[in-house]
Chemist: 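Sharing a structure with you now.
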Amino acid sequence: MSVKNIYPKRGIKGEVTVPGDKSISHRSVMLGSIALGTTEITNFLQGADCLSTIGCFRKMGIEIEQKDGTVLVHGQGLRGLSAPEGTLDVGNSGTTTRLMSGILAGQDFVSVMSGDASLNSRPMGRVMTPLNRMGARIGSVLDNGCAPLRIEPGVLHGIRYQSPVASAQVKSAILLAGLYADSGTSVTEPALSRNHTELMLGAFGADVTSEVHEDGSATAGVMPCKQLYGQKIQVPGDISSAAYFIAAGLLVPGAEILIRNVGTNPTRAGILKVCEAMGADITYLNPRNMWDEDRTGTGNCRMGQEYFGGLHCGGGEPTADILVRYSMLHGTTIGGSLIPALIDEIPMIAVMAACAEGTTVIKDAAELKVKETNRIDTVTENLRAMGAQVTPTDDGMVIEGGTGLSGAHIRSCLDHRIAMAFSIAGLAAKGETVIEDSQCVDVSYPGFFAALDSLMDV
Ligand code: S3P
């Protein structure tokens with residue numbers, strides 16, 4: 001068991017460049033593998049989850065070169081994967097499992113995916129149900145709705161699926177299977193979840209559409225595809241990793257932190273809205289777009305252009321540098337369609353709420369229960385250990401801020417986001433904080449503690 005000791009800080013100043021976005025890194029390897037030609041990915045996240053995705057596609061015959069931060073994927077086309085020998089190891093990665101189930105559903109070979117104990121206890125019915133309705137033949141080996149999953153060849157038909165959850169993993173699995181179907185496929189979700197798959201599919205040459213309806217629900221569609229074509233992908237910094245340094249800047253008295261090259265796609269940037277609502281001092285510098293306006297020359301990047309408009313537009317992913325200064329935060333209410341845009345940041349937001357004046361209510365976030373841990377439980381347990389007042393609810397939590405945090409032993413339960421959120425809590429707490437199983441940060445942010453220490457040394 002690795003532990004990390006964290007001590008209170010004041011006046012931390014400096015610059016951080018966070019690693020590449022996890023969601024975009026996964027997708028670039030997946031689409032690169034089923035596209036024709038080479039996909040060159042720069043600033044790829046070398047975290048354990050994304051390495052699981054690389055490992056799986058290598059096992060299916062795709063040559064993938066890794067050189068520093070650049071990855072070259074030598075794609076073999078939509079039908080160019082080959083039958084893997086043995087089980088595909090998805091590690092701790094829900095994104096690998098769920099998105100790949102959509103791709104595997106369209107193959108003419110049998111495959112089995114399995115991961116670690118956490119992964120193998122997470123619900124997979126949410127992708128098996130729609131994919132099997134399309135004609136896929138995916139079964140839970142232990143018949144418990146979880147991985148290991150066994151995927152047999154099937155003939156896929158397009159569907160119109162009404163998803164009960166706003167989940168980019170579910171949406172993406174269906175859209176990826178839709179590439180292999182015999183007619184158009186669409187997914188409607190109760191609120192717009194991250195749209196990296198739609199943006200990237202468009203850039204690789206697929207015919208993708210997206211629409212946000214008046215009631216906040218959203219529909220994404222894809223047409224059957226003959227071929228995708230390899231692209232150059234520059235992965236923006238991960239806003240979910242930047243979140244820890246945004247919070248450090250806001251919570252540590254006298255702090256001033258510049259975080260460079262952060263992806264600010266609105267479907268991911270809910271934490272920035274919350275910070276604003278809590279009274280944070282944040283300045284956005286150098287806003288730009290990572291990709292060209294129309295990378296394929298096919299005009300197929302239209303969804304990004306329709307939805308984002310203005311400053312952040314184009315077919316690709318918007319980014320900015322973010323300057324954060326220590327702020328007196330106050331409580332807020334977070335719920336509704338904002339939740340999918342900040343779902344992974346809720347542990348960090350909960351810590352910020354505990355340090356803010358007044359009450360923060362987090363609602364409509366029952367999805368927290370099916371992440372790497374049940375994050376309603378793991379956040380509540382650890383915030384309470386630090387002396388905060390938290391009441392868990394069925395779909396979130398209520399936090400009474402302003403009581404101050406005390407250092408504590410934090411049980412990360414091997415959940416990377418719990419380990420990192422409570423490391424930041426430790427900077428703003430009184431006394432020593434000990435993060436148990438701290439190595440789990442490698443899942444999404446290898447080098448997190450080195451980056452934190454570099455600020456602390458200032
Ligand atoms: C992800 C989507 C989210 C998020 C996960 C990554 C993705 O899950 O929590 O860390 O890359 O599509 P859901 O879409 O299931 O909410």
Side-chain angles (χ1 to χ4, degrees), residues 19-31 44-45 47-50 52-53 90-103 115 118-119 122-131 146-147 161 163-176 187 189-201 218 220 233 235-236 238-244 263 265 267-271 317 337-349 364-376 378-379 395-396 415-418 420-421 440-441 443-445:
D21 186 279
K22 181 157 82 70
S23 294
I24 296 173
S25 295
H26 278 299
R27 286 159 172 78
S28 57
V29 168
M30 291 185 189
L31 294 194
F44 179 83
L45 169 63
D49 269 12
C50 298
S52 295
T53 294
V90 292
N92 189 243
S93 179
T95 309
T96 309
T97 316
R98 298 205 178 100
L99 270 61
M100 231 167 53
S101 65
I103 295 175
S118 155
L119 185 282
R122 295 177 66 185
M124 293 298 153
R126 52 179 56 201
V127 287
M128 284 194 284
T129 299
L131 293 175
C146 299
Y161 186 65
S163 175
V165 282
S167 160
Q169 296 185 349
V170 171
K171 172 175 65 178
S172 302
I174 297 166
L175 294 177
L176 290 168
V187 190
E189 47 182 354
L192 180 64
S193 64
R194 65 192 68 191
N195 64 356
H196 307 302
T197 302
E198 298 91 301
L199 291 175
M200 203 182 287
L201 274 173
I233 303 287
V235 181
D238 196 326
I239 191 166
S240 299
S241 299
Y244 306 109
N265 179 325
T267 65
R268 290 288 298 285
I271 185 169
E317 296 282 350
S337 61
L338 191 55
I339 293 294
L342 49 68
I343 188 73
D344 291 341
E345 288 64 75
I346 290 180
M348 192 67 265
I349 290 170
D364 306 322
E367 279 294 296
L368 289 172
K369 295 178 186 167
V370 292
K371 295 299 176 187
E372 285 81 334
T373 56
N374 177 333
R375 288 183 179 156
I376 295 180
T378 45
V379 167
D395 65 350
D415 183 335
H416 54 136
R417 302 214 184 274
I418 298 295
M420 290 188 274
C440 66
V441 304
V443 159
S444 64
Y445 196 160

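All values below come from the heavy atoms of this structure, side chains included, with hydrogens, waters and symmetry mates left out. Both ligands and their constituent atoms are indexed starting at 1 by order of listing.
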Chemist: Dump the intermediate steps for side-chain hydrogen bond (donor to acceptor under 3.5 Å, both in side chains) on T53 and T96, then the final yes or no.
Modeler: CA-CA 6 Å; T53 294; T96 309; 2.8 Å; yes
Chemist: Looking only at protein heavy atoms, which one is nearest to atom 15 (O) of ligand 1, and what is the separation?
Modeler: S167 OG, 2.9 Å
Chemist: Flag the pair D344 and R194 as a salt bridge only when some basic side-chain nitrogen lies within less than 4.0 angstrom of an acidic carboxylate oxygen.
Modeler: yes
Chemist: Are any of the side-chain heavy atoms of M100 and L176 separated by less than 4.5 Å?
Modeler: no
Chemist: When you compare ligand 1 with Q169, is there at least one nitrogen or oxygen pair between them that comes in under 3.5 angstrom?
Modeler: yes
Chemist: Is R27 touching ligand 1 with its side chain, its backbone, both, or neither, if touching means heavy atoms under 4.0 Å apart?
Modeler: side chain
Chemist: Report yes if the side chains of C50 and V29 come closer than 4.5 Å at any heavy-atom pair, otherwise no.
Modeler: no
Chemist: If you have a sec, work out which protein heavy atom is nearest atom 14 (O) of ligand 1 and how many Å separate them, to one decimal?
Modeler: A168 N, 2.7 Å
Chemist: Among all the protein's non-hydrogen atoms, which is closest to atom 16 (O) of ligand 1, and how far away is it?
Modeler: K371 NZ, 3.0 Å
Chemist: Quick check on contacts: which atoms of ligand 1 are under 4.0 angstrom from a heavy atom of I343?
Modeler: 9 (O)
Chemist: Check this for me: does any side-chain nitrogen of one of D238 and R268 sit under 4.0 Å from a carboxylate oxygen of the other?
Modeler: yes
Chemist: Taking both backbone and side-chain atoms of S23, is any N or O found less than 3.5 Å from an N or O belonging to ligand 1?
Modeler: yes
Chemist: Under the criterion side-chain hydrogen bond (donor to acceptor under 3.5 Å, both in side chains), I'd like the reasoning laid out for H196 against S23: C-alpha separation, chi angles, the key distance, then a yes or no.
Modeler: CA-CA 7 Å; H196 307 302; S23 294; 4.7 Å; no
Chemist: Just to confirm my output: which protein heavy-atom neighbour is closest to atom 10 (O) of ligand 1, and how far is it?
Modeler: D344 OD2, 2.8 Å
Chemist: Do any N/O atoms on A166 end up under 3.5 angstrom from N/O atoms on ligand 1?
Modeler: no
Chemist: Using a 4.0 Å heavy-atom cut-off, say whether R194 meets ligand 1 through its side chain, its backbone, both or neither.
Modeler: side chain
Chemist: Just wondering, do T197 and K171 contact through their side chains at under 4.5 Å, heavy atoms?
Modeler: no
